[in-house]
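Nothing here was measured: the structure is a model prediction, and the numbers come from that model. Values below: every heavy atom of this structure, side chains too, minus hydrogens, waters and symmetry copies.
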Amino acid sequence: MPEEEPHTIRIHLDRLLAERGMTLTELSTQVGITVVNLSVLKNGRAKAIRFSTLSRICDALRCQPGDLITHDPAESA
């Protein structure tokens, strides 16, 4: 099996949840996504995210996609 290609996308779900005083379980309930799938996203192991999922997360956290996801090209060096 081929190795996973590295990426420089960072997910800031932990920070946003802490800032809003919300747990992963509460977000899961509001967004309709399993805690396991949110955990995969939170830990940077997700390979993709649907725009509909991203929209629901942003609605629940009252944020913009750029608050949740950033690109850090310095990490590819």
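Between H71 and I9 the shortest heavy-atom distance is CD2-CD1, 3.9 Å.
Not a single salt bridge (charged side-chain N to carboxylate O under 4.0 Å, His left out) links E26 to another residue, sequence neighbours left out. Among residues two or more places apart in sequence or in another chain, the side-chain contact (heavy atoms from CB on, under 4.5 Å) test is passed with D14 by K42. In this structure, R20 has no side-chain hydrogen bond (donor to acceptor under 3.5 Å, both in side chains) partners at least two apart in sequence or on a different chain.
Atom CG of D67 is separated from atom CG of L13 by 12.0 Å, given to the nearest 0.5 angstrom.
Transitive grouping of hydrophobic side chains (ILVMFWY, heavy atoms separated by less than 4.5 Å) keeps V40 and I11 in distinct clusters.
Side-chain contact between L17 and L24: present, with at least one pair of heavy atoms (C-beta onward) separated by less than 4.5 Å.
Residue pairs meeting the side-chain hydrogen bond (donor to acceptor under 3.5 Å, both in side chains) criterion with at least one member in residues 27-36, sequence neighbours excluded: T34-N37.
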Cut-off 3.5 Å, no hydrogens considered: what does the side-chain donor-acceptor table look like for residues 51-61, sequence neighbours left out?
residue, atom, partner, partner atom, Å
S55, OG, F51, O, 3.0
R56, NE, V31, O, 2.9

